[in-house]
Amino acid sequence: MTNWEWPLVFFTVLSQMAVGYLALVVPATAGGKGNHARIYLLPAGLLAAAMVISLAHLGHPENAYRALTHLGSSWLSREVLLFGLTFLLLVFTILVARAANQFLVRVTAVLALGSGLLGILASAMIYVLPARPAWNNFNTVLTFYLTAFLLGPALGLFMQRFSPGPAAGVEGSATGRALALLLVLSIISSLSYLSLLAGAGPEARLTVHALVASPWWWLRVVAGWLAPLGLSYQLYRKGHGSLALTLALLILLLAGELMGRALFYGTAVPLIEGLL
Amino acid sequence: MAYQLSRRSFLKGLAAGGALTALTAYGGLKMAPTAAGVADGYPEAAAGARVFRNVCPRNCYDTCSMLSYVKDGILRKVSGDPANTFTNGRLCVKGYTYTRRVYSPDRLKYPMKQDKRGSGRWQRISWDEALDIIARKILDIKKQYGSTLPVCLNKYSGNFDILHYGIEGMMSSIGYTTRALGTPCWPAGIDAQTYDFGTLWNNDPEDLVNSRYIILWGVNPAWTSVHSMRFLYAAREKGAKLVVIDPVVTQTASKADLYLQIKPATDGALALGMARHILDNGWVDQEYLKANAVGWEEFFAYLRREVTLDWASKVTGIPAGVIADLAREYATTKPAAIWIGYGLQRHTNGGQNVRAIDALAAITGNVGKSGGGALYGHLETWGFNYAAMTMPKPAGALGVKKPDGTMSDRFININNFGAELLNVKDPPVKMLWIACRNPLSQDPEPQVVQKAFENMDLVVTVDHFLTRTAAWSDIVLPATTQFEEYGVNASYWHYWVGINEQAIEPYFEAKNDVQIAMLLSAKLNALEPGSCTYPTGGSLEELVGKEFNQKMLDLLGIADYRELKQGPRKAKLLTAAWSDGKFRTPSGKIEIKSSEAPKYGLPALPVYVPEKQAPPEYPYRFITPHWRHGLHSQFQNIDWMMNVSPEPFVEIHPATAAAKGIRDGDWVKIYNEIGYLTLKARITATTAPEILVAYEAWYKDLDYNLNYTVKAVPSDMGKKATGNRGLAFHDNFVNIEKVR
Amino acid sequence: MGKQLGFLVDTEKCIGCFGCEMACKNEYQAEVKPRWRRVYQQKEGNLPYPERNFMSLACNHCADPACLKVCPVGAYSKREDGIVLHDHGRCIGCRLCTMACPYGAPQYNEKEGKVEKCQLCYQKIDRGEEPACVAACPVGALELIKDLASFPGPGTVKELPGFPDITITRPSVRFVPPRTGIQIRRDAE
Amino acid sequence: MKRFLSSLLVILTIALFLAGCGSSKKSVSVQSGSTDENYRGVIYQDGLQGPESGKPNI
C-alpha cells in the first residue's frame, strides 16, 4: 500500500461530481428555461475547487501551467486542458447567460458538458497503466464515470430540495430508480473487477487482498453502496424524498466515492512490488 | 541541461544535520560560496577537488585502500584506490557510506558530561574541563589505592589504525593499569594454527586464482570480504570448483558449486572423516609429510582406530558418500585451498576443529603451495614499532608483582568482561576508559557489563556516536574518523599496507586517540608533575613515521614511509605461506601432534572433541553472524544504510515456523535464561530447522541487541597467542515463541 | 535508430552486496530516500533451492519509456545513445512517471518536491568513464552494454522471474540467470 | 423515515468504530533485554573440567 493521495482523491471525485451535475442540468435546461447563471455557478465552483485542490498534489504547484505542454502523449496534459476548457466554457456560459443570448448559452453549456465528459475519460486514461495492474483495465474508466453519474444526480436532487428552482427535470422517482440501478451496476462491476484481479498476476492479487482486508473497503460497501441503495429505493417508491433524505443520500454517496477513490490510489500495487 | 542535484542536495544534507551553520559558526571548517561547479558528477580533480589516500581502518579482512575527494574542506565522496590490486579500486556497501558517517547529524561533536549514567541528560563541556575531571580522578585513585590499577582500559577493534595503539600507550604512561586482554573474534583458530604451524599465516589471497579446488569452510566472504569473491570467481573461470561448508546457506553458499549443510560445530568430524578416507585410499602426500611434518603417524593411528566415514556422517549430518566424494576431490585435485572462517571456531571445540582441518591440508601436501593452503589469517605485515604504544612508566609506579619480582599491568578477560569486572578485587576497578569499542552492544552478556559499570566512579568513552556504551558513560569524547587524522594500516588477510592521510579538518571538536593522550598527559603533569610520561607534542604524521622500522620498510620495498603517499604497497612476502618450509613450531615442522597444546590442557592430536548440545529447554541454536550492512555495531546506524536495511529480523526454517505457528513478518520473541529479543520473523529455508539466525548490529533508534541472550561461554583455545580463550558465540541456545 | 546503452546484470555473479546501490549514493551524495539503483532479492520460490540471489536494477533506459510518454511537462527525453534523461529543472513533481514506470525507477524526492532517477551517469559516459555502479561492483556482476542492438549475449536473457513484463517499455537490460550448484541439505526429504 | 435515518446513523457509527479498531493494530517494537535481573555472569576457569566450566559470579 503506497499512498492515499488525498488531493487526487478530492480532485477526481469533485470534478466528476461537477461533470455529473452538468450532465443532469444541461439537458434539463435545454429548453432555455431557468436562471442559467445560477445553475452553472455550482459546477463551475466545484470544478475550480477540484482543480485548486489538485495543485496540492504537486511538488511545485507554481509551475502547474507547464502541465499543458505535453498534449501529444500525456493524458495528464489532456485532462488539464479539457477540465480547464470546461471551466472556461462554464464561466463563459455564466457571462453570456446575463446577456440572455439563449442560443449561445445552450451551445456553450453543451460544449462544456462534452469537454467535461471527455475530461473524465482523460482522467481515467491517466491511470490505465500497465505498471499498475489494478488500474490497467476498463474498470478505471467505468468507475470514474459511475462516480460522476451517481454524485451528479444526487447533488441535483439535493439542490432542488434545498432551493426549489427552475432547473426541473430532477424528478424524485426517476432519479431514485436511476441511482438504484447505477448502484447495482457499481456493486456488480466491483465484484467482477475483484474476480478479474484475483485471476490476474501476483500484484493484482495483492490489491484484492489489501481491499478485502481493509475495514475501509467494507465501510465503503455499506455506507457508499448498500445504504444509498436502500435510500434510493425509498425515493423510487415514494417518488419524493425529504430534504434530510436527499442530504443523507448525497453525503453517503460522496463519502463512499471518496473512500473508494482513496482505496483506488492506496491499493494499486505496482508491478515492481512483485520483486519484493 | 544542468542536473544540479548533487551538490545542492549534499549541502542541504549538511544543513539538515545542523552542521552547515554550526561549522561556519565554530570555524571548524571553512565553507566556500556554493557557486563552485562540482555539479557534473564530480569531475574530481578537474573541478578542483583534492584527492587523498586513506585506508578503511575497520576490523575487516579487506582493509580497503581508499581515495577521498575534498573540495572547500568538505569530503565530497570516496572511492577505492586502484593502486591496491586486492581491493581493486572498489569499496563495499559500508565504505560507500563514509561521507554520511563523517557528516552524520548523530555524530558526537564536543566532549559531554552526563548527569547520571544512562539518564540521557548530557551537558556540553570543554576539552579542558573533561580532561580536568579525568586527570583528577586518576590522581585521586592513585592516592587512595596506591596505584593506578583501578583504572581499566577496554579497547579493541573499532579502529585498527596503528596509531590508535596510542591509547594503550597513554595507559602505560600513567602507571600500571588494568587491561581487558584478548580478542573476541578469532583466538581459537589463531592458537590452533599456532600449535600446528607456529603461527597463523595465509597465502596471499590474490593467489586463490591459482587454486583448482577451493573449500570455503565456515566463511562467508560474499558478506565479510567482498573483494575476495573476485579471486574465487577467477579461479572458477579457470576451472576450479567452489565448495562451501556451513550450517546455513550463506550468501557465499548460494554461489557455490557444492554446498554442504553441516551440523554446527562438527567441522572437525568432517575433516577427520575425509582424512580417514584419504588415508584408506592412499591419497596421502607421504613425501611432504616426511619432509615437513611430525606426529602424522600417531594421527593416522588415531584415524584408523576411532574415525570412520559412517561416524563422520552421523556426527556431521552429511551422507557418507558425499564425504567420500569430497575427500577424493579435495585430495586428488591439486592445488586445493581451504579457507577456514572465523565462524567455525566460535565454538567450545572450535580450535580443535581448526586443527583437524589444518591436518587435512597437511596430509594432502597442500600447505606451502601456491593455490593451496589452510588459509585463516596472518599478522606478517603488522611488524610496526608500535611507538605510540610503547611508553615508560612514571617513577614509582606500582603494579601486579610477578614471580620474578618485576611488575606488570593487571589483565582481565576481554571475553568475559562484565563478570570479571564485577569480580576483580584488591584493588577494584573504579575507572573505565573505553576506546574503539562498544562492549554494551558487542560483548556477550551486556546486562552484566552494565552491572559492572555501576561500581565505577568514572566511565570515559571515546567514539563517533552515542553508542550503547557511550550512553552509559559519564564522559564521552568525540573521536576523529580516518579522514581527519594520519595513520597507517595493515590487513590480517591481504598483503597490502597503506598510509592514511588527513583529508579534512576534524569534525567540530573531535580528536584522535593520540591527541587525547597528549592533552591528558599535559593536564596530569600540570596537576602533578611527573605523573604521566606521554609526550605532549609532535604531529600525527611524525608518529606514523616512527612506526616504521627497517624490516617493515624492506618488506614494502621502500626507503621512507612517505613513499606510501604515492600509493599502498604490497608486502614482499612469500605468495604461498610456508612455502619455505620454515615452520615456527618448536620442532620447526608442522606439528600434527602438537608439543605445545598439552601445556594448555588440550589434546596433542587433532582428535574430535564433541560439539556442545542444546539443553532441552532451549532447543534452538541461535547463530549470530556478521551482517551485510554493518561491521559489528558500525555502519548500520548510518541514514543511507537504514534506508536500505531498516530493521532486523530472525531467519527461521519453514518447518520450525510451521511447528511454532509463525508466519513471515510475525513478531517473535527469542529468549533463554539470561536474556530476550523481540523482532520480526523471516521464514527461509536458508537456515536449518534447529537453527535460528539473526545478525549482530546496532540499528539507529532500535532497542536491538541480540547479545542479551549470548552467554560468555569460552571457546577451547586462545590462551597461548592472545592471552585469553575466545568466545563460543555460536554455541548459544534459545527458545522462540510468537509474540502476536 | 541510434545505439542503445544498457545494463548487463549478472545474477550468477551478483552477491547482493548493495555496493552498487551505495556507490550510486556516494557518487551523487543523494538524498536518503530515493534509490536510483536498488538491489532486489529474488524470491526463494522462484529458484530451485533456497538461495540468496539478487537483481540489481536502476532505470532501464527503455526503448519505449513509459515515463517519457506520461510526463505532462515533457521533462523526459531520450538521448541518441538511448539514455533516458529527466530534466530536474522542468519537473513539477506530479509523480505520474513514478506510477507509470513498471520498474519504479523514477522516485519522488520529498525534500525537492520533484522526481529523480538514474541518469546512467551520463556525464561520466560523456567523459568515457563507466557509470558509478558498474565501476563499484566488486565482483564484476554489473556491466555497461555499449550497444544493445549488437549485443550478442550468449547465455543472457531479457527477463527473470518476477521482473516486470518487458513488453510494456522494452527495457535496456539483460541478465545472466543465476547458476544453481548442488546443495546437500539436512532438511531434504 | 426519521427512524430509518437514525438507525442508519447508528449502523454507520458502529461501522466507523469497527473500522477504527481494525486500522489501529497493537504495535510491537524491536526489544531486547535481560530475563534475569540477578544474573551476574560466570567466571570461567581453565583448571576446571571441560571447556565451559565455571562458577557463578556471586
Side-chain angles (χ1 to χ4, degrees), chain B residues 1-7 9-10 12-13 40-43 76-80 88-94 96-99 222-223 226-227 229-230 233 242 249-261 263 317-319 322 628-629 639-640 643-644 653 655 684-686 688-689, chain C residues 12-33 35 38-39 44 47 49-54 77 85-90 109 111-112 114 116 119 121-124 126-127 129 132 135-140 178-179 181-188:
Chain B
M1 160 181 143
Y3 192 73
Q4 300 206 332
L5 185 72
S6 43
R7 179 184 174 84
S9 64
F10 176 75
K12 270 179 135 182
D40 294 349
Y42 295 103
R76 302 288 170 168
K77 72 162 187 177
V78 294
S79 78
N88 192 33
R90 283 134 212 258
L91 302 175
C92 74
V93 63
K94 304 173 290 276
Y96 286 119
T97 67
Y98 264 124
T99 55
W223 277 13
V226 292
H227 299 86
M229 292 304 287
R230 188 166 68 99
Y233 283 165
L242 291 187
V249 189
T250 62
Q251 183 60 61
T252 311
S254 300
K255 298 292 158 186
D257 298 306
L258 173 66
Y259 162 68
L260 305 182
Q261 189 169 45
K263 282 188 193 164
I318 299 170
V322 174
R628 174 175 62 201
H629 295 285
D639 55 5
W640 283 357
N643 187 48
V644 301
H653 190 274
T684 167
T686 54
Chain C
E12 178 187 321
K13 283 185 181 161
C14 178
I15 51 174
C17 76
F18 285 73
C20 49
E21 179 166 346
M22 212 53 86
C24 174
K25 279 212 150 24
N26 169 63
E27 184 67 33
Y28 296 98
Q29 293 296 310
E31 294 288 359
V32 176
K33 286 251 157 75
R35 301 170 75 171
R38 180 167 177 173
V39 178
E44 266 179 37
L47 303 156
Y49 287 119
E51 287 175 89
R52 301 167 200 251
N53 278 304
F54 296 83
S77 59
L85 283 183
H86 173 256
D87 182 346
H88 203 64
R90 223 179 141 66
N109 179 334
K111 281 188 188 166
E112 301 262 337
K114 292 182 178 193
E116 55 192 46
Q119 310 269 59
C121 290
Y122 70 92
Q123 306 98 330
K124 283 175 167 284
D126 290 346
R127 293 198 298 271
E129 299 169 23
C137 180
V139 294
R179 150 205 302 251
I182 295 167
Q183 292 193 358
I184 308 295
R185 301 175 58 81
R186 290 197 288 120
D187 61 359

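Chain identifiers are assigned alphabetically (A, B, ...) following the order of the sequence lines, protein sequences preceding nucleic acid strands; residue numbering begins at 1 within each chain.
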Report yes or no: does B/Asp257 contribute a side-chain atom to a donor-acceptor pair with the main-chain N or O of C/Gly181 at less than 3.5 Å?
no

When you measure from the side chain of B/Gln251 to the backbone of C/Arg52, do you find a donor-acceptor pair of N or O atoms at a distance under 3.5 Å?
yes

Max heavy-atom pair count under 4.5 Å with chain B, selected residue of C/Cys20, C/Cys24, C/Pro178, C/Ala135:
C/Ala135

Between C/Glu44, C/Arg38, C/Lys114, the one whose heavy-atom pairs under 4.5 Å with chain B are most numerous:
C/Glu44

Once rounded to the nearest 0.5 Å, what's the spacing between atom NZ of B/Lys94 and atom CE of C/Met22?
10.5 Å

Which one, C/Glu51, C/Arg186, C/Gln183, C/Arg185, leads in non-hydrogen pairs under 4.5 Å with chain B?
C/Arg186

Whether B/Lys255 side chain and C/Cys14 backbone form a donor-acceptor pair below 3.5 Å:
yes

Which distance, rounded to the nearest 0.5 Å, do you find between the CD of C/Glu21 and the CG of B/Asn643?
7.5 Å

With only heavy atoms counted, which part of B/Val322 is less than 4.5 Å from chain C, the side chain, the backbone, both or neither?
side chain

When B/His629, B/Arg628, B/His653 are compared by non-hydrogen pairs under 4.5 Å with chain C, the top option
B/Arg628

Report which part of C/Phe54 has an atom under 4.5 Å of a heavy atom belonging to chain B: side chain, backbone, both, or neither.
side chain

With a 4.5 Å heavy-atom cut-off, do B/Tyr96 and C/Lys25 have their side chains touching?
no

Smallest separation among heavy atoms of C/Pro138 and B/His227, with atom names
CB-CD2, 4.5 Å

On a heavy-atom basis, which atom in B/Val93 and which in C/Cys17 lie closest, and how many Å separate them?
CB-O, 3.2 Å

Test item: B/Tyr259 and C/Ile182 side chains (from C-beta on) under 4.5 Å apart, heavy atoms:
no

Side chain to side chain, B/Arg76 and C/Gln29, heavy atoms closer than 4.5 Å
no

Region of B/Asn88 that comes under 4.5 Å of a non-hydrogen atom in chain C:
neither

Check each atom of B/Ala256 against the heavy atoms of chain C and say whether the ones under 4.5 Å are side chain, backbone, both or neither.
backbone

Main chain of C/Val139, side chain of B/Tyr233: is a donor-acceptor contact present, judged purely on distance under 3.5 Å?
no

Find the distance between CH2 (B/Trp640) and NZ (C/Lys33) and round it off to the nearest 0.5 Å.
15.0 Å

Measure the OH-CG distance between B/Tyr98 and C/Asn26 for me, rounded to the nearest 0.5 Å.
12.0 Å

So for B/Thr252, is it side chain, backbone, both, or neither that comes closer than 4.5 Å to the heavy atoms of chain C?
neither

Taking all non-hydrogen atoms of both residues into account, name the closest pair between B/Pro319 and C/Ile184 and its distance.
CD-CG2, 3.7 Å

Under 4.5 Å, counting heavy-atom pairs only, tell me which of B/Thr250, B/Leu242, B/Leu91 racks up the most with chain C.
B/Thr250

